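Comments concern the structure below.
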Amino acid sequence: MKPFLPKLVYFEPKALEYPLGKELFEKFQSMGIEIHETTSHNQIRNLPGETDFEKYRIAKSTLVVGVRKTLKFETSKPSAEYAIPLATGCMGHCHYCYLQTTLGSKPYIRVYVNLEEIFEQVEKYIKEREPEITRFEAACTSDIVGIDYLTYSLKKTIEFIGQTEFGRLRFVTKFPNVDHLLDAKHNQKTTFRFSINSRYVIKNFEPGTGSFEERIEAAKKVALAGYPLGFIVAPIYMHENWEQGYLELFKRLRESLGELSNTNISFELIQHRFTKPAKKTILKNYPNTKLEMDEEKRKYKWGRYGIGKYVYPTEEAKTIEETISGYIKEYFPNGEIQYFT
Ligand code: SF4
């Protein structure tokens, strides 16, 4: 796939006070991309587009360069102690993506240039927990890999964490633009994960992202560059013949990875879920989606802030967990299943 190129770029004036901000300004100017000024990266008022539908699509190809003011990195993800905010938003069009609800009316992509301040905060968090390991997740609010070939901020973060003793970095991607990350001095402190799914899910619900083959080619490259490798199977979705669909996924994965399949690869398993507000937004942004979100067929799970999620009923969830774990044990005997949720 062609790497992402924004159609429109906005800059917060303050971003130009940072080396990365200046560098990006010059880069986009020399690329001939339309540049505007915005007083705050949280408020872009004059985005073009007639309808909400059009505005949403334009926003997803708009990049905003700003300064991250909130330096609190809490996360509720099971995979890390803290988030590390390098970017917010994504150019992908996955129908089920939770960013549609969390970002609401601001689906444009924001990147933050005050890396020095962000790293200072990271260092504090690591110090607080020493000698425990502290894990940072860089993909909580975006798919950072797809944007990084423009900013290199992920590469800098990989190298920053690489020289710490107790810090670890993780992120997940559906994009294959990894070449510039292959020579980063990661010291094996970064786990590079790829999101994978059955053909049905990738075809119907993940437009605007890398194909399965592209993701696996990229996975091979990063594994050969010495990064610990992982896969997130998410969302696990019970489409027609899903057992066959996921069986084929693991067979293909094993074949494509060859010898690498016998290494210690991590797997994270996440079943499909949705909230009521998410359903509404998904149907607005992707009115023709085949994504099935029937509350009657799901189990309600109480959530924070009073917004519960609809997950698969207990028995179905158990079947999913057993089936997918079974495939992993069969095709990746040295693999490590970290959790199912
Ligand atoms: S690639 Fe990830 S972050 Fe981007 S739209 Fe898809 S699910 Fe959302």
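Counting starts at 1 for both ligands and their atoms, in listed order. Note that the structure is predicted; figures quoted are calculated from it, not measured.
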For this session: Please say which of Phe166, Phe119, Tyr82 ends up in a ring pair (Phe, Tyr, Trp, His ring centres under 6.0 Å) with Tyr125.
Result: Tyr82

For this session: For atom 4 (Fe) of ligand 1, report each protein N, O or S atom nearer than 2.8 Å, sorted by chain and then by residue number.
Result: Cys90 SG

Could you give the side-chain donor-acceptor pairs of residues 169-181 under 3.5 Å, partners two or more places apart or in another chain?
residue, atom, partner, partner atom, Å
Arg170, NE, Ser79, O, 3.0
Arg170, NH2, Glu268, OE2, 3.3
Arg170, NH2, Gln338, OE1, 3.2
Thr173, OG1, Asp143, OD1, 2.6
Thr173, OG1, Asp143, OD2, 3.3
Thr173, OG1, Phe175, N, 2.9
Lys174, NZ, Tyr96, OH, 3.1
Asp179, OD1, Lys221, NZ, 2.8
His180, NE2, Asp148, OD2, 2.8

Seminar exercise, completed: Rounded to the nearest 0.5 angstrom, the CG-OH distance for Leu71 and Tyr112 is 11.0 Å

Problem set entry | Side-chain donor/acceptor of Asn334 to backbone N/O of Asn262, under 3.5 Å | yes

For this session: Can you measure from NZ (Lys27) to CZ (Phe25) and round to the nearest 0.5 angstrom?
Result: 14.5 Å

Exercise. Does the ring centre of Phe267 sit less than 6.0 Å away from the ring centre of Phe332?
Worked result: yes

